[in-house]
Structure formats: structure tokens, C-alpha cells
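Source: prediction; values computed, not measured. Below, each value reflects all heavy atoms present in this structure, side chains not excepted, and no hydrogens, waters or symmetry copies. Along the sequence shown, residues carry numbers from 1.
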Amino acid sequence: MSSSLMTRVITAVVALPILICSIVFLPQFNHLAFAIIVIAANSIGTWELHNNILKKKIDVPFTGYLGILLPVVELLNNYTLNIPGLVAFVLAALLGFAFLVEVLHGAKDNFFGSIERISATCLTLCYPSLFMVYAIRLCFLFKGPNLILIFLAIVFGSDSMAYFSGMLFGKNNKGFVKCSPNKSIAGFIGGTFGISIIMTVLLVIFPGMLNISPLKMFIIAFPTAIFGTFGDLFESMLKRSAGVKDAGVVIPGRGGMLDCIDSLSIAIPIFTMIYELLA
């Protein structure tokens, strides 16, 4: 086993139990402990996107950082205000403010880079922050830790099964996506179908885990696993565009926080919305 893989395994062995314990043993106030972890991870990931990826090519203004507020607004809204569409309103206000900032300060280069700066700002306002709003929402959908744990099991399980499926059967079908040439068709199929089948079987064996049928579990798990893969590919594309290997260095063996939450952030809206529709 290579030293980098060993470091990655050690990090997972240390970090995952901490995350799981925060969900299982600290469920108070609708999983406030997990929500705080989500907000912290989102804040670090946004900083990495802003400073370590986008700034390699674009002078992104400070307004991109404001997306960090969105999961916080969702958390406070669920606890107190309960205003429908509040996050969408705040996002629209932040976008309007970002546009105004560019109008006022874009003259520094005679507005030559205004389109690039506004585009980068819109990206940092929405990714990963807007997606992670659904992780906060997930805390309020189901009493107990099962729903959050099942989501994490789908995304992490799909990633692990894709890795091993790719090692076993992906030698001759790699490179179908240029931004991540080590990804294989066999890995994609093994990861998405494999974890979906496993979660469905688990619900057959333990029907009390969630208030849904095994068929609905498959309907939830399959697109969640697919979009988790999309999240990984999307971040790989961003890093390749900027010419960087990792988003940061805060996670030994993994790189940056964004490298750890890329799959989670894109998959969580799909998981949450489909569960709400089917439950």
C-alpha cells in the first residue's frame, strides 16, 4: 500500500467515527452538532474554491464568500422564522449585491474582466453553499440518525465500491471522462448499482430503518449515487481548469475540504428532494 493511500485510510478511520458519533450520540436540537460540522466544512470549502482554485485564473471579489451565509440562514429559519423561500430570497439579494459591487468597482480594468468575475462570484455563491443548504434541511426531516447515516452510506459506499470495481474490472474502460482519467465505466456501474442494491436489501432486512419501502429506497439511492459521481467529476474539472491537484491541504491524504465534500454537496439535494417526494 502506498504512503498516500495509507494516509488516506488513516484519515478516514479517524474522521468517519467522529462524524458518525456526532450524528448518533448528539442528535439534540435536530442534529445541531452535525449542522455545525456542515457549516464549518462548507465555509472551508468555499474559501478553498475562492482562493485555491478560482483565483488561479480570475481575480474573484470578496462577494463570493457571502454564500457561506446560506446554510446558516437555512438553519436559523428552521429553528425560528419558518419563512418559505427565505434562502432563495437571501441568494437573490446576495447576487444583486454582487452585481452592484462589480458595477461600482469593475472600472479598475475598464470592465474587461467583469463577465469572468461575475461568473466566478455566482459559482462561489452557489457551490457548495446552496447545495449544502439541503444538508441542513436533512437534519429536520427525520427524527433519529438513520436518514443522515443512510445518505452518507450511499455516497461513501458508492465511492468505495466504484474504486474496487474499477480496480477489478476497469482496466480496459478507463478515461471515458477526460477530467478524471482514472475513472472507469466498470467503476461507475459497480458504484451506482452496487450501493443501490445493498441499501435496498438492508431495508428489506431492517424495514424499520426508514418510513419508506425497499423499492423507494432504490429510487432514492440510485440517482443519489449517480449525482455523487457527478460532484466528484465537477470538482475535478474545476481543478484541472485551474491547474491544481488538490483544493487545499487541510485533510491529510485527501487534500482540501472541497475534495471531501464534492460528492456530498451535489448528491444531497437529490437525496433530500426525492426522499421528501416519496416519504
Side-chain angles (χ1 to χ4, degrees), residues 12 16 19-25 27 30-31 34-35 38 71 74 78 84-85 87 128 130-170 173 176-177 180 183-235 260-279:
L16 278 178
L19 179 61
I20 292 171
C21 286
S22 72
I23 298 167
V24 174
F25 298 114
N30 296 96
H31 294 284
F34 175 71
V38 168
E74 176 68 13
N78 276 282
V87 170
L130 183 60
F131 295 89
M132 297 302 277
V133 163
Y134 288 88
I136 303 298
R137 184 172 181 80
L138 196 64
C139 297
F140 293 85
L141 289 182
F142 190 85
K143 288 188 176 182
N146 290 358
L147 188 62
I148 300 173
L149 292 176
I150 285 173
F151 167 70
L152 296 176
I154 292 171
V155 177
F156 292 144
S158 173
D159 183 60
S160 299
M161 296 190 72
Y163 176 78
F164 289 109
S165 298
M167 285 184 62
L168 292 172
F169 307 109
N173 48 76
F176 73 106
V177 179
S180 188
K183 292 284 192 296
S184 66
I185 296 175
F188 176 75
I189 294 174
T192 53
F193 277 99
I195 194 63
S196 301
I197 293 170
I198 288 174
M199 297 309 299
T200 302
V201 171
L202 279 176
L203 206 63
V204 172
I205 299 172
F206 305 104
M209 284 199 309
L210 284 182
N211 55 346
I212 58 174
S213 68
L215 176 59
K216 289 180 179 179
M217 183 72 259
F218 186 88
I219 294 172
I220 293 171
F222 186 62
T224 299
I226 290 176
F227 274 81
T229 302
F230 291 168
D232 183 42
L233 294 175
F234 178 71
E235 201 231 358
C260 294
I261 66 171
D262 51 0
S263 298
L264 297 170
S265 61
I266 301 299
I268 189 68
I270 301 301
F271 179 87
T272 304
M273 287 188 290
I274 297 178
Y275 174 78
E276 285 190 273
L277 287 172
L278 298 180

Steps toward side chain to side chain contact (heavy atoms under 4.5 Å, CB included) verdict (F193, I198): CA-CA 9 Å; F193 277 99; I198 288 174; over 6 Å; no

Residue pair L264, F131: steps toward the side chain to side chain contact (heavy atoms under 4.5 Å, CB included) verdict: CA-CA 9 Å; L264 297 170; F131 295 89; over 6 Å; no

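Looking only at distances, no side-chain donor or acceptor of T272 sits under 3.5 Å from a matching main-chain atom of P269. With hydrogens and angles disregarded, a donor-acceptor distance shorter than 3.5 Å links the side chain of H31 to the backbone of G144. In this structure, N78 contributes its side chain and E74 its backbone to a donor-acceptor pair below 3.5 Å. Looking only at distances, no side-chain donor or acceptor of D232 sits under 3.5 Å from a matching main-chain atom of S263. Side chain of N146 to main chain of F142: no donor-acceptor pair is present (N/O by atom type, distance under 3.5 Å, no hydrogens or angles).
The shortest distance between side-chain heavy atoms of I23 and L152 falls below 4.5 Å. The shortest side-chain heavy-atom distance between M217 and I150 falls under the 4.5 Å cut-off. The closest side-chain heavy-atom distance from L147 to F151 is not below 4.5 Å. Put simply, the side chain of F156 does not reach to within 4.5 Å of the side chain of I195, judged on heavy atoms. A 4.5 Å side-chain heavy-atom check between Y275 and T224 finds every atom pair outside the cut-off.
Nearest heavy-atom pair across L233 and S180 is CD2-CB, 3.7 Å. When all heavy atoms of G187 and S165 are compared, the pair lying nearest together is CA-CB, 3.9 Å. The two atoms that bring A225 and I154 nearest to each other are N-CG2, 4.1 Å, heavy atoms only.
Residues passing the salt bridge (charged side-chain N to carboxylate O under 4.0 Å, His left out) test with D262: none are found, sequence neighbours excluded.
For F271, the CZ atom sits in a packed shell: over 12 heavy atoms of surrounding residues, nucleotides or ligands are nearer than 6.0 Å.
Taking the six-membered ring where the residue is Trp, F218 and F222 present parallel rings, their angle staying beneath 30° rather than reaching 60°.
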